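Encoded as structure tokens, the structure appears first; notes follow it.
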Amino acid sequence: MMNHPLVKWIDHRLPIITLMNKELNEYPTPRNLNYWWNFGSLAGIILVIMILTGIVLAMQYTPHKDYAFDSVERIMRDVNFGWMLRYIHANGASFFFIVVYIHIFRGLYYGSYKAPRELLWMIGVVILIVMMATAFMGYVLPWGQMSFWGATVITNLFSAVPVFGEAIVTWLWGGFSVDNATLNRFFALHYLLPFVLVAIVVLHLWALHRFGSNNPLGIDAKGPQDKIPFNPYYTIKDAFGLGVCLIFFAWFVFFAPNYLGHPDNYIPANPLSTPAHIVPEWYFLPFYAILRSIDNKLLGVVAMFASIFVLFILPWLDRSPVRSGKFRPIFKLFFWVLVLDCIVLGICGAKPAEGKWLYISRIGTFWYFLHFFVIIPLLGILERPRPLPASISEPVLKAPAE
Amino acid sequence: MGVVATGAAVWPLADSMNPSAEVLALASTEVDLSPVAEGQRISVFWRGKPVFVDRRTAEQIKAAEEVPMDELPDPQLDEARVQKPEWLVLVGVCTHLGCIPLGQKTGEPRGEYGGWFCPCHGSHYDTSGRIRKGPAPLNLEVPPYSFVEDEVILIG
Ligand code: HEM
Ligand code: FES
């Protein structure tokens with residue numbers, strides 16, 4: 001194909017074909033990547049799925065408080081394949097978060113945030129935050145009870161800002177409560193932000209390709225013998241992973257489409273009555289638990305934001321020169337405790353904030369910050385890592401023949 | 001220079017997101033209080049939020065007036081929160097994160113202090129609408145209102 005005269009004509013004037021060939025085809029990749037490395041490309045594909053289904057949904061959706069709920073019901077009942085597109089979009093948001101959370105924990109375990117990939121990691125945290133904003137605003141669009149009250153509670157987080165809080169919230173709402181103006185702007189932003197995400201993902205990949213992928217051993221490639229071309233080796237591995245992911249995805253979309261949702265969102269929004277238990281979408285639950293674990297409005301909000309922002313400074317909190325958790329026996333243990341802690345916080349976030357759940361979420365919140373601010377820095381100094389292999393290919397070549 | 005010019009360019013964009021003229025114009029509501037019996041609570045709609053009107057009983061007023069100030073997270077005398085002690089008028093929005101507290105309808109929980117209870121994160125308000133327990137930092141807001149007649153108020 002590269003030799004077709006038209007391709008050559010274009011490539012000479014705009015070397016986009018050369019660029020794509022270099023970055024997506026020949027691109028040298030460590031030869032030892034395991035399946036945890038599939039989740040980045042999966043996230044990219046889900047973003048594309050969200051944009052495609054979102055655009056056609058937007059053609060049928062009405063961003064007005066009197067029509068939004070009914071327009072979504074019309075999508076479900078009357079629009080050709082509307083039910084499927086909406087269920088793909090709604091469950092796609094959940095899968096997006098599953099995949100991205102696994103992707104992040106992969107980075108945490110293998111030390112992918114360490115030099116020289118700090119900026120790559122920080123751009124990833126920005127992606128997470130923009131994703132959260134997008135998903136939050138998307139959930140408001142169907143204008144059900146959870147949409148409305150979720151929007152009210154989350155926008156009110158900003159009222160905790162000293163002095164300007166009230167003015168900021170009024171500005172966010174465009175009124176004195178969550179109302180039509182709010183719905184309208186959330187729709188505008190929900191349409192915009194995914195395209196902003198695409199741009200940030202390009203930066204993410206640009207930073208990635210500067211030094212190439214990290215790998216399960218966390219050591220740098222010593223030469224061409226440690227790398228293989230992306231295509232066909234990793235295209236095929238990613239394609240296989242995609243197939244597996246889509247099987248689970250299809251199961252949710254076709255057999256349990258509302259399992260991850262909340263039934264109250266099928267009740268139209270009512271500004272005069274708050275549902276007995278407001279719970280956010282599952283992917284926000286750990287953060288919600290942190291918010292509620294502190295009995296002070298401002299501090300609760302600060303802790304919640306801090307739990308995400310701490311990821312920005314993680315590359316400087318972890319001073320250990322060894323990247324991969326494989327060679328860090330104590331770090332590895334605490335890594336799994338952190339995973340457990342996040343799951344426990346997620347469960348607490350779904351329960352009412354009282355009695356034993358409140359205590360558990362307080363312990364969970366305490367541990368979360370202890371992990372990042374005390375355990376990680378101390379391990380960097382105190383832990384003795386196991387010896388590292390001399391190169392990526394060494395463990396393979398030295399392994400006893402079977 | 002550049003900063004001023006950028007500011008001048010960004011301000012109209014940002015300010016366009018603030019409440020528009022027609023939203024500001026809808027800002028007052030008149031309420032006839034005569035049908036409300038002693039001990040009864042009603043909700044009216046003002047600026048997209050509920051306003052609670054509570055015709056308090058003598059015991060409720062007494063309870064509200066007798067609370068020592070040092071027991072209150074946001075200290076305020078009951079008399080500073082009402083124009084006529086019988087009528088308590090409040091914005092029915094929890095000062096924590098904006099849920100509507102329970103207690104307006106008969107049978108709903110009124111919390112440990114007999115006023116209102118917010119189920120979202122467990123805030124308790126007393127018979128003067130003051131915060132007593134839970135994460136909310138402030139008392140329920142008293143909206144601007146005036147008695148246009150003996151039993152008619154204008155909110156806003
Ligand atoms: C980052 C990618 C995206 C995420 C995470 C996301 C998330 C969501 C979520 C959680 C909902 C609520 C689903 C429900 O419960 O009904 C939603 C609804 C919606 N989204 Fe998105 N979305 C994304 C991209 C887009 C794009 C690019 C568009 C338009 C171009 C779009 C248009 C819509 C529309 C019209 C609705 C309302 C219809 C419905 O409720 O299904 N979305 N989105
Ligand atoms: S919104 Fe009322 S307690 Fe949180």
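Small disclaimer: the values here were computed from a predicted structure and weren't measured. Every chain is numbered from 1 and lettered A, B, ... according to where its sequence line falls, protein lines coming before strand lines.
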Max heavy-atom pairs within cutoff under 4.5 Å with chain A, candidates B:Pro137, B:Pro119, B:Ala136, B:Pro135, goes to B:Pro135
**OP:** Answer yes or no: does atom CZ of A:Phe158 have more than 12 heavy-atom neighbours from other residues, nucleotides or ligands under 6.0 Å?
**Re:** no
Heaviest contributor of heavy-atom pairs below 4.5 Å to chain B, chosen from A:Gly174, A:Gly175, A:Ser177, A:Pro352, is A:Gly174
Nearest heavy-atom contact between B:Thr95 and A:Lys297 is O-NZ, 2.9 Å
Whatever's closer than 4.5 Å to a heavy atom in chain B on A:Ser159 counts as side chain
B:Cys99 and A:Thr152, any side-chain heavy atoms less than 4.5 Å apart | no
If one checks every heavy atom of A:Leu291 against chain B at 4.5 Å, the contacting part turns out to be side chain
Does atom OH of A:Tyr359 have more than 12 heavy-atom neighbours, drawn from other residues, nucleotides or ligands, at distances under 6.0 Å? no
- prompt: Do other residues, nucleotides or ligands put more than 12 heavy atoms under 6.0 Å from the CD atom of A:Glu73?
  reply: yes
### Message
With a sphere of 6.0 Å drawn around OH of A:Tyr259, does it hold more than 12 non-hydrogen atoms of other residues, nucleotides or ligands?
### Response
no
Can you confirm whether more than 12 heavy atoms, excluding those of B:Phe147, are under 6.0 Å from its CZ atom?
yes
In this structure, CG of A:Asn184 is separated from CE of B:Met17 (nearest 0.5 Å) by 11.0 Å
Report task. Mark yes when over 12 heavy atoms from residues, nucleotides or ligands other than B:Glu112 sit less than 6.0 Å from its CD; otherwise mark no. Result -> yes
Residue from B:Gly48, B:Gly92, B:Gly98 scoring the most non-hydrogen pairs under 4.5 Å with chain A is B:Gly98
When the 4.5 angstrom heavy-atom criterion is applied to A:Tyr288 and chain B, the contacting part is side chain
The interface call for A:Ala276 against chain B, heavy-atom contacts under 4.5 Å, is backbone
- With a cut-off of 6.0 Å (strictly less than), are more than 12 heavy atoms of other residues, nucleotides or ligands near CZ of A:Phe164? no
Looking only at A:Val178, A:Asn296, A:Leu272, A:Thr155, most heavy-atom pairs under 4.5 Å shared with chain B are made by A:Leu272
How about B:Lys84: does its NZ atom have over 12 heavy atoms from other parts shown lying under 6.0 Å from it?
yes
Ranked by heavy-atom pairs below 4.5 Å to chain B, first place among A:Phe176, A:Trp173, A:Trp149 goes to A:Phe176
Tightest non-hydrogen contact, residues A:Pro271 and B:Ile100, listed as O-CD1, 3.7 Å
Given side chains that start at C-beta, do those of A:Leu157 and B:Leu97 come closer than 4.5 Å, heavy atoms only?
-> yes
